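Quick notes on the structure that follows.
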Protein chains: 2
Amino acid sequence: MSQAESSRPYHHGDLRRALIDAALALVTEEQDWAFSLREVARRAGVSHNAPYNHFPEKRDLLGAVAAAGFNALRERLRKAVAGTNGPRAALLASGKAYVRSGLENPALYRLMFGPALAAANGAAEAGKRGRAKADSGRPTEVRAAGAGAKAVLEDIILRGAQSGAFAISARSRTELAVAALSVWSAVHGLTMLVIDDITGSDLAIETLVSRLLRTLLDGLAAR
Amino acid sequence: MSQAESSRPYHHGDLRRALIDAALALVTEEQDWAFSLREVARRAGVSHNAPYNHFPEKRDLLGAVAAAGFNALRERLRKAVAGTNGPRAALLASGKAYVRSGLENPALYRLMFGPALAAANGAAEAGKRGRAKADSGRPTEVRAAGAGAKAVLEDIILRGAQSGAFAISARSRTELAVAALSVWSAVHGLTMLVIDDITGSDLAIETLVSRLLRTLLDGLAAR
DNA sequence: GCCTCTATGTGGGCATTGTCAACTTAACGC
DNA sequence: GCGTTAAGTTGACAATGCCCACATAGAGGC
């Protein structure tokens with residue numbers, strides 16, 4: 001918006017951001033990230049090669065979009081948790097917000113977790129040097145953003161363990177990690193299946209998350 | 001192998017199968033399905049356009065590969081279940097087999113669930129006529145194969161409900177469906193997270209599945 | 001005020017891709 | 001035999017990702 005004179009300046013001002021926005025818009029519209037980098041450049045009103053000044057490869061642009069997606073998710077989870085009291089309610093609220101978030105923009109959600117970001121490192125090249133098991137080729141930017149979102153969930157688990165709502169030792173890192181991972185897996189998996197539309201269920205998604213999480217919570221308490 | 005004379009016949013014999021095999025091999029080797037259709041044709045020893053006699057689009061070839069993947073998964077689940085007694089043990093065994101299966105060929109697993117198959121229907125075109133919610137554009141072949149694999153799990157749930165091992169009414173379709181979906185979501189989600197290597201846990205995958213499923217089972221029993 | 005440096009954007013080019021069209025080959029029914 | 005037709009072939013086209021050499025402009029030393 002700013003400085004958008006008809007005499008567009010040679011230098012864009014904040015092309016990097018503009019490219020990320022354009023790419024996000026494309027992902028959202030087309031529900032796919034198969035669009036061309038050139039198309040993104042067109043949208044941003046620059047030449048087909050300008051993006052290469054900011055992103056070495058198309059994958060890096062997608063990575064930036066994914067990271068933005070994780071940050072947005074984190075904020076939504078935070079807001080959902082804010083209005084609740086008690087870890088159990090917090091978990092249910094965040095679970096619903098999580099799934100809803102994924103359903104609102106399936107392609108973005110898939111991109112965040114997808115392999116499109118890891119392709120170069122994780123695939124053919126990995127053959128030569130034995131697949132790196134530690135980082136699996138996902139850009140650190142994305143990993144960090146993902147961890148940020150995950151942290152919201154881990155915090156709930158921790159509080160639940162401390163308050164005794166969940167039958168987990170708050171001092172066992174492993175127990176906490178396994179519990180958080182379990183919950184995340186369940187919600188993540190449900191989101192994916194619903195996105196793929198292969199649940200075979202016509203119940204409202206909110207109902208499904210609730211039931212799933214409640215079962216899981218009961219299991220945690222039953223320990 | 002059969003009939004592979006030096007005088008290669010004009011007609012391949014079973015090109016369709018050969019193409020699927022080649023594509024599957026490529027997915028496995030490169031851990032990605034970004035390879036070109038032409039590359040597949042080269043592997044099968046035919047011209048770059050021969051595949052179009054069997055698959056209208058690249059997506060259709062990938063669909064066939066995905067369907068094959070689901071069928072293989074179903075067989076593995078069946079075998080895993082066969083050696084167990086009791087629904088609880090069956091569920092744990094199949095869960096482990098499921099995750100192991102996914103980890104053995106992450107790219108194939110992702111392809112099976114991925115959006116690569118739905119792209120044309122589910123994306124831009126959906127804008128015109130209001131997204132079809134019923135089939136979401138996944139080829140019926142893939143959907144059917146997926147349902148076959150899912151059926152193994154549903155069968156376990158049903159038996160568990162009937163035997164009273166799970167506190168579910170065996171006569172409530174909804175209850176059964178929700179339970180099956182819950183278990184599937186959990187295992188599917190865990191598989192995905194492990195594939196993406198973003199679990200943040202260094203526990204053995206078998207341990208993680210066991211813990212996750214046990215928690216879920218306890219939750220089902222606690223009803 | 002000038003001059004150079006460097007980040008940023010432009011245009012052209014190349015190998016490769018997915019898909020279309022027109023032609024060729026061989027197998028099978030009659 | 002002979003035509004119909006499925007299955008494979010070559011050739012073409014626009015588009016893509018990424019490379020190169022060049023153009024532009026703002027910043028900083030002097």
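Scope of the values below: all heavy atoms of this structure, side chains included, with no hydrogens, waters or symmetry mates. We name chains A, B, ... by the order of the sequence lines, and we start the count at 1 in each one. Everything numeric here is computed off the predicted structure, so don't read it as measured data.
With hydrogens and angles ignored, no donor-acceptor pair closer than 3.5 Å exists between the side chain of B/Asn49 and the base of D/dG8. Residue-to-nucleotide contacts include no donor-acceptor pair under 3.5 Å from the side chain of A/Arg16 to the base of C/dT8.
Going from atom CZ of A/Phe55 over to atom P of C/dT8 covers 12 Å, rounded to whole Å. Taking atom CG of residue A/Leu15 and atom C1' of nucleotide C/dT10, one finds them 13 Å apart after rounding to whole Å. Taking atom CG of residue A/Leu62 and atom C1' of nucleotide D/dT16, one finds them 14 Å apart after rounding to whole Å. Rounded to whole Å, atom C1' of D/dG17 lies 13 Å from atom CG of A/Leu61. In this structure, the CG atom of B/Asp60 is 13 Å from the P atom of C/dG18, given to the nearest Å. Between A/Arg59 atom CZ and D/dG17 atom P there is a gap of 12 Å when expressed in whole angstrom units. Rounded to a whole Å, the CG atom of A/Leu19 is 12 Å from the P atom of C/dT8. As rounded to whole Å, 14 Å separates atom P of D/dC20 from atom CG of A/Asn53.
Put simply, CZ on A/Arg16 and CZ on A/Phe55 are 4.0 Å apart, with the number rounded to the nearest 0.5 Å.
Checked against C/dG18, C/dG11, D/dC18, the side chain of A/Lys58 finds its nearest nucleotide in D/dC18. Distance from the side chain of B/Leu37 is smallest for C/dG18 among the nucleotides C/dG18, C/dT10, D/dC18. Counting only heavy atoms from C-beta on, B/Arg42 has its side chain closest to C/dT17 among C/dT17, D/dT10, C/dG12. Set against D/dG8, C/dG9, C/dG12, the side chain of A/His48 has C/dG12 as its closest nucleotide. Counting only heavy atoms from C-beta on, A/Val46 has its side chain closest to C/dT10 among D/dC18, C/dT10, C/dT19.
Annotation: side chain of B/Ile157 is not in contact with side chain of B/Trp184 (no heavy-atom distance under 4.5 Å). A/Arg211 places a side-chain heavy atom less than 4.5 Å from the side chain of B/Thr174. Side-chain contact between B/Leu212 and B/Leu208 is absent, with no heavy atoms from C-beta onward closer than 4.5 Å.
Taking every heavy atom of both residues into account, A/Val40 and A/Ala23 meet most closely at CG1-N, 4.2 Å. What you find for B/Val65 and B/Leu111 is that their closest heavy atoms are CG1-CD2, 4.0 Å. Smallest separation of non-hydrogen atoms from B/Ala186 and B/Leu216: CB-CD2, 3.7 Å.
Residue contacts for B/Ser47: at a heavy-atom cut-off of 4.0 Å it reaches a base atom on one of the strands shown.
For A/Lys58 and A/Phe35, the positive end sits near the middle of the six-membered ring, less than 6.0 Å away and at most 45° from its axis.
Each of B/Ser36 and B/Pro56 lies near DNA chain C, and the nucleotide nearest B/Ser36 is the one positioned closer to the 5' end.
Close to D/dA14, at under 4.0 Å from its OP1 or OP2, lies no side-chain N or O of A/Arg38. For A/His54 and C/dG9, the shortest distance from a side-chain N or O to OP1 or OP2 is below 4.0 Å.
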(request) Map every base of DNA chain D to its dot-bracket character, where paired means a Watson-Crick or G-U wobble contact with both distances under 3.5 Å and | marks a partner outside the strand. (result) ||||||||||||||||||||||||||||||

